[in-house]
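Throughout, protein chains are lettered first and strands after them, A, B, ... in sequence-line order, and every chain is numbered starting at 1.
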There are 2 protein chains.
Amino acid sequence: MWESVENRLRIAGLRPTRQRVALGRLLLDGRDRHVTAEALHVEAVAASIPVSLATVYNTLHQFTEAGLLREVAVNGSKSYFDTNVSNHHHYYIENENRLIDIGETSSIRVEGLPETPHGMEITHVDVVVRLRPAAGRR
Amino acid sequence: MWESVENRLRIAGLRPTRQRVALGRLLLDGRDRHVTAEALHVEAVAASIPVSLATVYNTLHQFTEAGLLREVAVNGSKSYFDTNVSNHHHYYIENENRLIDIGETSSIRVEGLPETPHGMEITHVDVVVRLRPAAGRR
DNA sequence: ATTTGTGCAAATCGTTTGCATCTGA
DNA sequence: TCAGATGCAAACGATTTGCACAAAT
């Protein structure tokens with residue numbers, strides 16, 4: 001049923017090198033995750049995958065271009081990469097800089113989109129629901 | 001009908017200094033704009049308002065905290081400040097890094113939001129419709 | 001053998017900060 | 001007067017890049 005990581009990379013036009021395969025095994029196992037380059041690098045090194053931060057960045061972008069990941073922008077500083085490539089939206093926990101999927105199963109949807117402007121097409125509609133601890137606690 | 005920029009700053013608890021007033025005049029004239037710190041700095045200098053980039057950053061953040069501006073995160077790198085503080089959403093033109101308001105008049109709305117998690121409250125729901133030139137052109 | 005990927009360190013980009021100097025109330 | 005604001009340059013964090021070396025086809 002499932003292609004090996006090697007084959008998925010090949011199909012995506014990426015040579016299955018050691019580090020790509022290793023990172024792919026961490027990311028493309030079907031779990032829904034949101035990683036930063038930094039965090040993935042730490043994780044890889046901890047898993048005895050010798051890889052440089054620069055290569056992690058390269059790999060994340062290559063995977064994203066290949067449609068294996070999706071990049072999510074929530075705050076001006078760091079970038080998050082989402083292993084869930086299907087249509088879904090996010091909660092963003094402001095005080096802890098954390099991103100959570102709003103499952104596809106949720107009935108969330110955007111209604112009443114106006115006409116798309118002149119010669120443009122929609123690549124994606126991002127919905128981010130920003131959350132903070134309720135009331136008292138701040 | 002309209003408060004002067006000076007008074008709006010005073011009301012917001014900000015001392016109406018030269019540069020705040022000058023930047024306020026550029027930003028708070030009722031036009032809907034999306035500026036980056038860099039762009040605003042260039043604009044200010046061009047308008048013979050001697051102000052440093054650091055002060056532009058400070059001012060943008062102070063205005064944002066005071067509710068005079070809203071910060072919009074669309075891509076991992078730079079921050080945009082929106083002079084339209086009311087409830088509305090955005091188009092983001094990917095290939096030219098440009099942000100456009102989807103007017104409040106549009107019937108856009110988000111339906112079927114799931115229960116907000118445990119002890120959290122929504123600060124804001126951001127909708128970004130990402131656009132690129134249609135079909136052929138790329 | 002040739003092409004493509006990788007690691008490292010240096011470079012870049014946007015943004016923030018420390019601190020001496022100014023300025024508005 | 002003097003708390004608060006500003007300017008500058010240096011510091012910073014995240015990301016990118018240049019180039020010599022290594023690995024995949």
Take the protein atom CD of A:Glu65 and the nucleotide atom C1' of C:dG5, then report the distance between them rounded to whole Å. 15 Å
Give the rounded distance in Å between these two atoms: CZ of A:Arg20 and P of D:dA22. 18 Å
Scoring nucleotides 11-25 of chain C by protein non-hydrogen atoms under 4.0 Å (B base, S sugar-phosphate only, - none) yields ---SBBB------SS
Donor on one side chain, acceptor on other, A:Tyr92 and A:Asn97, under 3.5 Å: yes
How about A:His61 and A:Phe81: are their ring centres within less than 6.0 Å of each other? yes
OP1 or OP2 of C:dG5 versus the side-chain N and O atoms of A:Gln62: is any pair under 4.0 Å? no
Are A:Asn84 and A:His34 close enough that a side-chain donor and a side-chain acceptor fall under 3.5 Å? no
Tell me the interatomic distance from B:Leu23, atom CG, to D:dA5, atom P, rounded to whole angstroms. 14 Å
Do we see a donor-acceptor contact under 3.5 Å between the side chains of B:Ser79 and B:Glu71? yes
Establish, with yes or no, whether the OP1 or OP2 oxygen of D:dT6 is under 4.0 angstrom from a side-chain nitrogen or oxygen of B:Thr55. no
Rounding to a whole Å, what distance do you find between A:Ile49:CD1 and C:dT6:C1'? 15 Å
Any donor-acceptor N or O pair under 3.5 Å, side chains B:His124, B:Asn87: no
Between the side chains of B:His89 and B:Asp126, does any donor sit under 3.5 Å from an acceptor? no
Roughly how many Å is it from CZ in A:Phe63 to C1' in C:dG5, rounded to a whole number? 12 Å
In whole Å, I'd like the distance from the NE2 atom of A:His41 to the P atom of D:dG13. 17 Å
Measure the distance from CD on A:Glu71 to P on D:dA14 and round it to the nearest whole Å. 15 Å
